[in-house]
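Here the structure is laid out as structure tokens; the discussion comes afterwards.
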Amino acid sequence: MVFAFLGELLHLLIPLPVPSSIYGIILLFLALEFKIVKLHQVKETSSFLVAIMPIMFLPPAVGVIESWDVICQAWLPYVVVTLVSTVVVMAVSGRVTQRLIRRGGRK
């Protein structure tokens, strides 16, 4: 909760179009990286959140179904943007993860 609150503060103070949740995740990552927060302190909560993650996708899916009459007129651009952004996110996440793993192996 502390990192969510700090993320909200940063979102208010920094004039960038970055969601407060991203600031919070970055702060939590840095706290874990610099050993301010220990992994065992967040492991139980993070396991719970990962377990219920599929439920979090239900409201957006319902929103897409509700908006289908608008979306169906331009479905191809939606599909292309979704596929391209998914590939980009997967590639960037994979590269960052590989670098972090390699950097961790050198210590």
(message) Suppose the criterion is side chain to side chain donor-acceptor pair (under 3.5 Å): which pairs have a residue in residues 42-60, not counting sequence neighbours?
(response) none
(message) Tell me whether Val2 shares a hydrophobic cluster with Phe34, the cluster being built from Ile, Leu, Val, Met, Phe, Trp, Tyr side chains joined at under 4.5 Å.
(response) yes
(request) Show which residues join Met90 in its hydrophobic cluster (side-chain heavy-atom contacts under 4.5 Å, direct or indirect), or state none. (result) none
Please table the atom pairs, donor to acceptor, closer than 3.5 Å between any side-chain atom in residues 6-32 and protein atoms at least two apart or in another chain.
| unit_1 | atom_1 | unit_2 | atom_2 | d |
| --- | --- | --- | --- | --- |
| Glu8 | OE2 | Ser20 | OG | 2.8 |
| His11 | ND1 | Val18 | O | 2.7 |

(request) Name all residues meeting the side chain to side chain donor-acceptor pair (under 3.5 Å) criterion together with Gln41; count only those two or more places apart in sequence or in a different chain, and write none if there are none. (result) none
Tell me which donor-acceptor pairs under 3.5 Å the side chains of residues 53-76 have, and how far apart each pair is, sequence neighbours excluded?
| unit_1 | atom_1 | unit_2 | atom_2 | d |
| --- | --- | --- | --- | --- |
| Ser67 | OG | Gly63 | O | 3.0 |

(request) Sequence neighbours left out, what passes side-chain contact (heavy atoms from CB on, under 4.5 Å) with Val84? Give chain and number order. (result) Val80, Val88
